[in-house]
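Along the sequence shown, the residues carry numbers beginning at 1. We count ligands from 1, going down the list as the structure has it; atoms in each ligand are counted the same way. It should be emphasised that the depicted structure is a prediction, and the values quoted were computed from it without experimental measurement.
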Amino acid sequence: MILWKDILKPIAAVVGHDNSIKSVIQKITSEQADIAFVEDQGVLIGYITNSQLLEQIDTGQSLDEPIQYKDDMLKVPDSLPVEFFHNVTTVIGVDSSGGVAGYSTVKNARHQINELQLVHLNEIIHGAGVGIIRTNNLYEIEFMNETAEKFLGLPRSFLLSRNYKALLTMEKDLKRVLDGETLVSVNSTINFKQMSGNFYPLKIEGEISGLVHMFYLREEFEEAVQELDFVRHLYSDLQAVYDSSNEQILVIDEKGKILRVAGKFLSSFWKTKEADQIIGKQIGDFTRRNIFQPNIFELCVKQKKKVTSIQESSNQTRVWSVATPVYHEGKLEKVVILSRDITSNASLHAETDQEDLNTHTFETEKKKLVYRSGKVASLLSNLRRAAKMNSTILLEGESGVGKEIFAHEIHFASPRKDCPFIRVNCGAIPEQLIESELFGYEKGAFTGADRRGKAGLFERAHTGTIFLDEIGDLPLNMQVKLLRVIQEREMVRIGGTETIPIDVRIIAATNKDLKLMVSNGDFREDLFYRLNVIPLRIPPLRERKEDIFPLAVYFLEHFKRMYNIEKSYTPDAISVLEMYGWPGNIRELENIVERLIVFSQEEWIDREVVLKVLYGEEESKKKQPLVLEMMPLKEAVAELETQLIELGMRKYGTAAKVSEILGVSPATISRRMKKIKK
Ligand SMILES: Nc1ncnc2c1ncn2[C@@H]1O[C@H](COP(=O)(O)OP(=O)(O)OP(=O)(O)O)[C@@H](O)[C@H]1O
């Protein structure tokens, strides 16, 4: 609100009501005023301006004649807001003590109000990026805001009072504005800056007193348009990238609703054909229905940071996912999840194995054999001794104990180590192919055969080692043929006549009881005795528990490298692994470690997750100790005692403390410990 006192000017010249024109002109000139106020006995009764004096002279009056002053004047308290009154041209402001505080013409008051309103308007639109320039009706710049200053790159001190019309280059005549026209969307240039904006005539009391130019810089606007264009192109480029990407890109809102899917849609993971079918659904519904685990969105929201995890679906599709939270002004807005199918890597691995198995390429790379137990150490020393000789070795052991890896050890410890090592999985080759695979064929031997003929595995293993895995699965007719090769050390290709000498070291392996098979008539006795020259039994993992920890760490390292993530076991987790019975032996341990990586959501693989993975959700909730296999009671009690003492020693370090906790004498603990060490 504008008050009169804000705009009042001081009264410079006061004259008497009977003063001559001449004396008033002298008074106004000496005071450098353009208005003189008329008084009578100390009271202001009117006013006279330069132009009124000139009018009087114009009518032929002599300079000595008294002035003809005007009295359309009103006295108002100076603390009141400015308002305009009918038939009043000049206002005298009176202060609180009744004295004259100053004057203002109505025209000046309107002008001032306009000015202040413009300042006000500038404040309101400040930041909107609009330049404002106001001129008087001589085009002289009287007001400009900071944006105008910034846009034009010229300081206010330079521009104020300058002729805007002279500075401005534009396609329309600025005079039209002063004639009352509004010009909309006019391009103009000043100081090499291109502007676009509107020109408005500024009216005060119906009279045009100047113009207002409101504008923005064209380059800024065009930049914005270009930016928009760029974003549009970027979007279509990205769409193309997404479509050819191997990754699935998922955008989820802060509440877990799937907003968008781009890139490769992993349909088998979702168990859904089309990406459209998951849009709008809650991600949590999928994990609740166990379509896959874990809910990486939830992990990301909880941890408020980027998280990585392997997600596994109920149909064994595994994806490696990275979830990134997107924040806007400190608030979670969405989560973007990139997922890559790693099932294909795994099956690729299996396929290569399969291929090895079918084509039986040379497997010369030695696999690392990890162990810590005395049992494996002594087995290895026997095995290496046997390796030096050429005798046939029969490896016996449960499935998954690592028979192949021990066969490798034999080969690499033998004089044949630089020659081929050929693995034949007797159980995996179709019966009708087994003969041609083992012994090869001559060209044209049978329909579908390679025209050039093919060497069999025995030929390819010449001078090296042939590892006949799952020998118990070899069909009886093939057992006869194998026996002949072993006895005669020579063979003939299918369809061929030439005998080929064979110099191979045979290692056979089985997880079946071959003796029992012999007595059942399923395995030839003569072949059994030919193979069973040096039998070596590989103990199951439960009989060499000391190997569990180094193997678990070895596989964890392997998967950490494979998936490029960081995880470690807690000591309790290891204890649980060591207590487990491992019916599937090392192969099972390997699989379990991979699953632990999938299911552990933190960087630590803890006891709970191990229990869950090993025994399932329900079993894992049972109180320890867990007895999941049948065993003689005496053995079970001894096992429990051993585990309690070992756990106690790991936890408390001294026999005294352990005895206190277990409620037995320290002597009992020492005795048991001696027994354990044996
Ligand atoms: N001591 C070990 N150190 C490192 N890896 C091992 C060890 N023993 C076994 N493995 C690994 O465990 C897995 C199972 O081993 P392997 O295939 O040799 O078992 P197997 O006894 O031949 O089983 P099958 O019943 O199929 O004959 C393989 O990946 C193997 O590399």
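The closest non-hydrogen atom to atom 5 (N) of ligand 1, taken over I405, V376, V370, comes from I405. Residue nearest to atom 17 (O) of ligand 1, selected from E590, K512, R587: R587 (by heavy-atom distance).
Electrostatic pairing of R416 and D503 counts as a salt bridge here, judged by a charged N lying under 4.0 Å from a carboxylate O. With salt bridges taken as basic N to acidic carboxylate O contacts below 4.0 Å, none links E546 and K375. A salt bridge is absent between K403 and E398: the closest approach of a Lys/Arg side-chain nitrogen to an acidic carboxylate oxygen does not fall below 4.0 angstrom. A salt bridge links R524 with D526; the closest basic N to acidic carboxylate O contact falls under 4.0 Å. Between E498 and R493 there is no salt bridge, since none of the side-chain N atoms of the basic residue sits less than 4.0 Å from a carboxylate O of the acidic one. Under a 4.0 Å N-O distance rule, the pair E459/K454 does not qualify as a salt bridge.
In this structure, A509 falls outside the shell of residues with a heavy atom less than 4.0 angstrom from ligand 1.
If you look at Y569 and W604, their ring centroids are not closer than 6.0 Å.
No donor-acceptor contact under 3.5 angstrom links the side chains of K264 and S339, judged on distance only. A donor-acceptor contact under 3.5 angstrom links the side chains of Q311 and S321, judged on distance only.
Only the backbone of K368 comes within contact range of ligand 1, with a heavy atom under 4.0 Å; no side-chain atom does. Contacts of D469 with ligand 1, taken as heavy-atom pairs under 4.0 Å, involve the side chain alone. At a heavy-atom distance under 4.0 Å, atoms from both the backbone and the side chain of V401 approach ligand 1. The side chain of L551, and not its backbone, has at least one atom closer than 4.0 Å to an atom of ligand 1 (non-hydrogen atoms only; side chain from C-beta on). Residue contacts with ligand 1 for E470 involve side-chain atoms from C-beta outward but no N, CA, C or O (heavy atoms, distance under 4.0 Å).
Considering backbone and side-chain atoms alike, Y371 places every N or O at 3.5 Å or more from each N or O of ligand 1.
Counting protein heavy atoms only, atom 11 (C) of ligand 1 is closest to I586 CG2, 3.8 Å. Of the protein's non-hydrogen atoms, the one nearest atom 16 (P) of ligand 1 is G402 CA, 3.6 Å.
Counting atoms of ligand 1 from 1 in the listed order, those under 4.0 Å from a heavy atom of N511 are 25 (O). The ligand atoms of ligand 1 that sit less than 4.0 angstrom from a heavy atom of E398 are 21 (O). For ligand 1, the atoms lying closer than 4.0 Å to a non-hydrogen atom of E404 are 18 (O), 22 (O).
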